[in-house]
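Order of the sequence lines sets the chain letters (A, B, ...), proteins ahead of strands, with each chain counted from 1.
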Amino acid sequence: MSVIAKRRSVIPGFGPAMGFTLFYLSLIVLIPLSATFLRAAETSWAQFLTTVTAPRVLASYRLTLGASLAAALINAVFGLLAAWVLTRYRFPGKRAVDALVDLPFALPTAVAGIALTSVYSANGWIGRFLEPRGIKVAFTPLGVVVALTFIGLPFVVRTVQPVLADLDVELEEAAACLGANRLQIVRRVILPPLVPALLTGFALAFARALGEYGSVIFIAGNMPMVSEITPLLIITKLEQYDYAGATAIASVMLAASFLLLLAINGLQWWSARRGGAA
Amino acid sequence: MTGPHRKAALSEPVLLRGLLTGAALLYLGVFLFVPLAAVFAQALEKGFGAYVAALREPDALAAIRLTLLTAAIAVPLNLVFGVVAAWAIAKFEFPGKSVLVTLIDLPFSVSPVISGLIYVLLFGLHGWLGPWLDRHDYKIIFAVPGIVLATVFVTFPFVARELIPLMEAQGTDEEEAACVLGAGGLQTFFRVTLPNVKWGLLYGVILCNARAMGEFGAVSVVSGHIRGSTNTVPLHVEILYNEYNFVAAFAVASLLAMLALVTLAAKSAVEFLRGEVR
């Protein structure tokens, strides 16, 4: 059916539905978000630069970026492993385990934060085994990585799982018939089609981690220059009524998230094209 | 081609399977299962009596009421928006569609802290509309309307993003047939479209509700943390925790953890039913 025929669709309601969609979207999302950039533009460029490049702010970028990257890498490696085990193997309780993978989407971040802190503190269930070995997790940057790993855990599993399930077993059989061993099949036949999904999951986990607040603030210890994340800095500025400072840092974060969003859209487009061609 | 070689090339040895499964479960265990169990263990540390007492405390009850109220406003609003937006996007062709879909998803890529900040910049005392609101004695920030607004923002895309792909996949043939046979727009929607997408709709609502009840960062920025009046359940958890009242904090947190488990169970049930219908 041509585009023109669809435009003259017999289905009613396009005008009002589109009108309401644009109205509500502008009211709740677009106007408030653009107001932030306009507010940031109210301060002078020099003032803006001084705020967003202050040593304490730079330290928070380093921690936020570094910990998000580390967490997304952990999730990429172990998420791929979990997706593999959940699609290829059978073990008791698999359905429940599979359902629980989505826990970080459903569990409020504050609950995750206090639970992780209690488990990873010096006398916690896991912390008490790490502490004697000199590994301090709670109230250190390592704690930030643990919280961000929790928050980003489902992304890689859930992007890789469907691709892995759709992989044609016949390809593996063909490779086996041609004399490939298991390692060669995994490396040459199974892993390549997973790459776009794996990268998408990694990017989604990374993007989610960058903005995360609730689960981190309990376990981080929030020491300036050491374990203070950028979103917390925005809150601190707000609490000191430094609206210009909070807005400046927020607009840097927003710009970073929008760039990542573009990258993720590109990745998803690539992965859809790869999936379609295969 | 010999049998044993092919078998070996198509799967891992039993020992390796066990090791991989164990590693995946260890990863999910230290990041998901142990912290989840810790919530309940800590909540019940001083016995069931202390647990119940923490939940029946007036401030806790007020927080529960506010959270229920917030979700009762935010979820229906975003449900209506999601359905209307999906109708406009999935049943009609127009230029700029993918841009519109990206804009609807925007709140997911914004840090929760910034989601709260944008409303403070608009409606706060130092915000654009703040002085006007103050003169007319309207309170939005540090009051219930601000909490509802921030919650609507963070849960904005849930229903729409669940429905759009589903309704696009179902095409427009059935609706066109209904309209040609003389059904009105609303009749077509309720008799034809809705039955086709009811599971997807329910799925979106479940996830939207979980996030609405559990949102922490965005609500924390706009709430002002006034006990008994602008304190939601996640914020109440934070207050109790910061007062070192761990048993009460985890008791209230366990309510949210149970909500998360119910959400995951409902999600799995909907996925199962959706599979059955197909």
Side-chain angles (χ1 to χ4, degrees), chain A residues 3 6-7 9-14 17-18 20-21 24-25 28-29 32-33 35-36 39 78 81-82 85 89 91 99-100 102-103 106-111 114-116 118-119 125-126 149-150 153 172 176-177 180-182 185 207 211 213-214 231 234-235 243 246-247 250 253-254 257 261, chain B residues 1 6 8-10 12 17 20-21 23-24 27-28 30-32 34-35 38-39 42 81 84-85 87-88 91-93 103-104 106-107 109-114 117-119 121-122 126 152-153 156 172 175-176 179-180 185 210 214 216-217 234 237-238 241 249 253 256-257 260 263-264 268:
Chain A
V3 175
K6 268 205 176 169
R7 264 191 204 148
S9 164
V10 290
I11 304 170
F14 178 67
M18 196 63 194
F20 177 75
T21 302
Y24 188 73
L25 176 70
I28 299 287
V29 179
L33 270 181
T36 312
R39 276 303 285 262
F78 288 95
L81 175 68
V85 167
Y89 300 163
F91 55 91
L100 276 173
D102 281 330
L103 184 72
L107 192 72
T109 53
V111 178
I114 63 170
L116 289 169
S118 97
V119 167
W125 286 352
I126 296 178
T149 306
F150 172 88
L153 193 142
E172 289 173 52
C177 285
N181 63 32
R182 188 60 188 161
I185 292 178
Y213 171 72
I234 295 177
I235 297 240
Y243 283 62
T247 313
M253 280 194 72
L254 272 180
S257 338
L261 185 68
Chain B
M1 164 92 351
R6 270 190 67 174
L10 286 176
E12 290 76 38
R17 282 169 166 244
L20 290 176
T21 310
Y27 158 70
L28 296 173
V30 295
F31 287 110
L32 295 183
V34 173
V39 173
Q42 298 262 359
F81 165 74
V84 173
W87 181 265
K91 300 296 174 189
F92 301 91
E93 287 302 323
L103 288 178
I104 289 175
L106 214 51
S109 43
V110 172
S111 168
V113 168
I114 297 177
L117 173 76
I118 57 178
Y119 292 107
L121 293 179
L122 275 183
H126 301 270
V152 169
F153 182 93
F156 186 86
T172 53
E175 282 82 4
E176 275 163 9
C179 292
V180 167
F216 175 74
V237 170
E238 184 197 20
Y241 189 83
L256 292 169
T263 301
L264 291 183
S268 302

Quiz item: Between A:Leu153 and chain B, which part of the residue has a heavy atom less than 4.5 Å away: side chain, backbone, both or neither?
Solution: both
Quiz item: Considering only heavy atoms, which portion of B:Ser268 lies under 4.5 Å from any heavy atom of chain A: side chain, backbone, both, or neither?
Solution: side chain
Self-check item: Separation of B:Leu103 CG from A:Thr21 OG1 (nearest 0.5 Å)
Solution: 12.0 Å
Quiz item: Is A:Leu107 close to B:Leu256 at the side-chain level, that is, under 4.5 Å between some pair of heavy atoms?
Solution: no
Self-check item: Winner by heavy-atom pair count (cut-off under 4.5 Å) against chain B, out of A:Ile234, A:Leu81, A:Val119, A:Leu116
Solution: A:Leu81
Quiz item: Is B:Val84 close to A:Tyr24 at the side-chain level, that is, under 4.5 Å between some pair of heavy atoms?
Solution: no
Practice problem: For chain A, find which of B:Val180, B:Val110, B:Val237 contributes the most heavy-atom pairs closer than 4.5 angstrom. | Solution: B:Val110
Practice problem: Start with the C-alpha distance between B:Phe156 and A:Leu25, add both sets of side-chain angles, then the distance that settles side-chain contact (heavy atoms from CB on, under 4.5 Å), and finish with yes or no. | Solution: CA-CA 9 Å; B:Phe156 186 86; A:Leu25 176 70; 3.6 Å; yes
Quiz item: Should the pair A:Tyr213 and B:Phe216 be assigned to parallel (<30°), tilted (30 to 60°) or perpendicular (>60°) ring geometry?
Solution: parallel
Practice problem: Heavy-atom pairs under 4.5 Å with chain A are the metric here; pick the option from B:Pro112, B:Ser109, B:Pro234 that has the most. | Solution: B:Ser109
Quiz prompt | Within-4.5 Å side-chain heavy-atom neighbours: B:Cys179 and A:Pro12 | solution = yes
Quiz prompt | Residue part contacting chain A, namely of B:Leu122, when any heavy atom lies under 4.5 Å | solution = side chain
Quiz item: Going from CD1 on B:Ile118 to CG on A:Leu33, what distance comes out if it is rounded to the nearest 0.5 angstrom?
Solution: 4.5 Å
Quiz prompt | Engaged part of B:Ile114 at the chain A interface, taking heavy atoms whose separation is under 4.5 Å | solution = side chain
Exercise. For each of A:Phe20, A:Trp125, A:Phe14, tally heavy-atom pairs with chain B at distances under 4.5 Å, and name the one with the top tally.
Key: A:Phe14
Quiz item: Relative to the ring of B:Tyr27, is the ring of B:Phe31 parallel (under 30°), tilted (30 to 60°) or perpendicular (over 60°)?
Solution: perpendicular
Quiz item: Do B:Thr172 and B:Phe92 touch side chain to side chain, with heavy atoms closer than 4.5 Å?
Solution: no
Quiz item: So which of B:Tyr241, B:Trp87, B:Tyr119 has the biggest tally of heavy-atom pairs under 4.5 Å with chain A?
Solution: B:Tyr241
Quiz item: chain B heavy atoms under 4.5 Å from A:Phe91: which part of the residue, side chain, backbone, both or neither?
Solution: side chain
Self-check item: Region of B:Glu238 that comes under 4.5 Å of a non-hydrogen atom in chain A
Solution: both
Practice problem: Measure distances from A:Leu103 to the heavy atoms of chain B and classify the residue's part below 4.5 Å as side chain, backbone, both or neither. | Solution: both
Exercise. Under 4.5 Å heavy-atom distance to chain B, tell me which part of A:Ile185 shows up: side chain, backbone, both or neither.
Key: side chain
Self-check item: chain A contact via B:Val34 - side chain, backbone, both or neither, heavy atoms under 4.5 Å
Solution: both
Quiz item: For the candidates B:Ala257, B:Ala260, B:Pro107, which exhibits the highest count of non-hydrogen atom pairs separated by less than 4.5 Å from chain A?
Solution: B:Ala260
Quiz prompt | Residue part contacting chain B, namely of A:Ala35, when any heavy atom lies under 4.5 Å | solution = both
Quiz item: Of the backbone (N, CA, C, O) and the side chain (C-beta and beyond), which part of B:Phe81 lies under 4.5 Å from a heavy atom of chain A, both, or neither?
Solution: both
Self-check item: Gap between atom CG of B:Leu106 and atom CG of A:Leu254 - 0.5 Å precision
Solution: 8.5 Å
Exercise. Would you indicate whether the side-chain heavy atoms of A:Leu100 and B:Leu28 approach each other to under 4.5 Å?
Key: no
Quiz prompt | Interchain contact, B:Thr263 with chain A, by part (heavy-atom threshold 4.5 Å) | solution = side chain
Quiz prompt | Among B:Gly217, B:Ala210, B:Ala253, B:Ala249, residue most engaged with chain A (heavy-atom pairs, under 4.5 Å) | solution = B:Ala253
Exercise. To the nearest 0.5 Å, tell me how far A:Ile114 CD1 sits from A:Thr109 OG1.
Key: 11.0 Å
